[in-house]
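What follows is a set of notes on a single structure, which appears directly below.
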Amino acid sequence: MAYQHQSGDNDDSKNRRLYNPYQDLQVPIQTLYKLPTSPEFLFQEESVAQRRSWGENLTYYTGIGYLSGAVVGAGKGFVDGVKASEPGDTMKLRINRILNGSGHTGRKFGNRAGIIGLVYAGMESGMVAVRDTDDVINSVVAGLGTGAFYRAAAGLRSAAVAGVIGGVVVGLGVTGKQALKRYVPI
């Protein structure tokens, strides 16, 4: 559908390609659009950044958290629904128990994991804004703060334990990601 067009010496035309959305259709329309070949940025500072913006981070971590929590919760609800079925139940009743268990537990786990992702993304973006640098310390502190904030209502001891767990999990995740980048050729 898209093809490179190299005509003219204008600098603007070198960074653009012609695009015909009706190319594969058998219609006599010859509308061509000049589309950029490189990403466009509103501000020049955005082009040098090698990370997602705070809004993209917020959406990404919340979505990934909700999706993974819902899948894990649905699996646990499925197992619970199978265990809850009794020998005299009809097939319709067994399926109903499984679907109800999967839906209820999946929603519960998904909402919890989504909130954890939302808080983590906010804290990590806040740390990047405050420290004006993007490194491992921001991620670990954000994980520590997320765990502590999530369990703060359960008491000081529970918040401290959850904070340590959150920091350790994020630290292991960042270390694992760096090890994968270094030792696994992709």
Side-chain angles (χ1 to χ4, degrees), residues 1-6 11-12 14-19 34-79 102 105-152 154 157-186:
M1 262 200 217
Y3 59 94
Q4 296 290 338
H5 181 70
Q6 300 293 337
D11 217 16
D12 189 41
K14 289 181 182 177
N15 294 332
R16 301 208 172 261
R17 63 185 168 94
L18 292 177
Y19 173 70
K34 286 191 170 191
L35 297 179
T37 57
S38 61
E40 293 182 320
F41 297 100
L42 187 59
F43 301 106
Q44 207 56 17
E45 298 86 32
E46 293 175 349
S47 65
V48 296
Q50 295 295 321
R51 68 181 316 270
R52 292 186 291 266
S53 70
W54 69 270
E56 291 170 336
N57 256 356
L58 200 69
T59 306
Y60 177 76
Y61 286 125
T62 304
I64 290 295
Y66 183 82
L67 182 65
S68 60
V71 168
V72 169
K76 182 181 182 315
F78 178 83
V79 170
S102 295
T105 311
R107 272 192 320 271
K108 193 165 56 172
F109 279 35
N111 288 335
R112 287 179 182 171
I115 291 297
I116 289 171
L118 180 81
V119 172
Y120 175 77
M123 287 196 177
E124 186 184 34
S125 296
M127 286 295 297
V128 169
V130 167
R131 293 187 64 230
D132 199 30
T133 184
D134 186 21
D135 56 2
V136 177
I137 295 171
N138 293 340
S139 299
V140 173
V141 170
L144 188 124
T146 300
F149 181 73
Y150 186 73
R151 297 296 297 172
R157 175 178 276 170
S158 178
V161 170
V164 168
I165 290 172
V168 167
V169 166
V170 171
L172 288 174
V174 169
T175 304
K177 181 180 175 184
Q178 289 176 351
L180 276 175
K181 280 184 176 180
R182 184 172 184 177
Y183 296 114
V184 177
I186 295 179

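In this chain, numbering begins with 1 at the start of the sequence shown. Worth knowing before you read on, the calculation uses all heavy atoms, side chains too, and leaves out hydrogens, waters and symmetry mates. Quick caveat: nothing in here was measured; it's all calculated off a predicted structure.
- At least one donor-acceptor pair under 3.5 Å links the side chain of S68 to the backbone N or O of G65.
- Note that CD of E124 is 6.5 Å distant from CG of D134, once rounded to the nearest 0.5 Å.
- Interatomic distance, N138 CG to D132 CG, rounded to the nearest 0.5 Å: 10.0 Å.
- Of the inter-residue distances, the one linking I116 atom CD1 with N111 atom CG reads 11.0 Å to the nearest 0.5 angstrom.
- Here the OH atom belonging to Y183 is positioned 11.0 Å from the CD atom belonging to Q178, to the nearest 0.5 angstrom.
- S139 is listed as a side-chain neighbour of Y120, based on a closest heavy-atom distance under 4.5 Å.
- I115 contributes atom CD1, which lies 11.5 Å from atom OG1 of T146 (distance to the nearest 0.5 angstrom).
- When all heavy atoms are compared, the tightest approach of A159 to A152 is CB-CA, 3.9 Å.
- Between W54 and L58 there is a side-chain heavy-atom pair separated by less than 4.5 Å.
- Residues Y61 and A121 approach most closely at CD1-CB, 3.7 Å, considering heavy atoms.
- Between A74 and S102, the shortest heavy-atom contact is O-OG, 3.3 Å.
- Of the inter-residue distances, the one linking L180 atom CG with T175 atom OG1 reads 11.0 Å to the nearest 0.5 angstrom.
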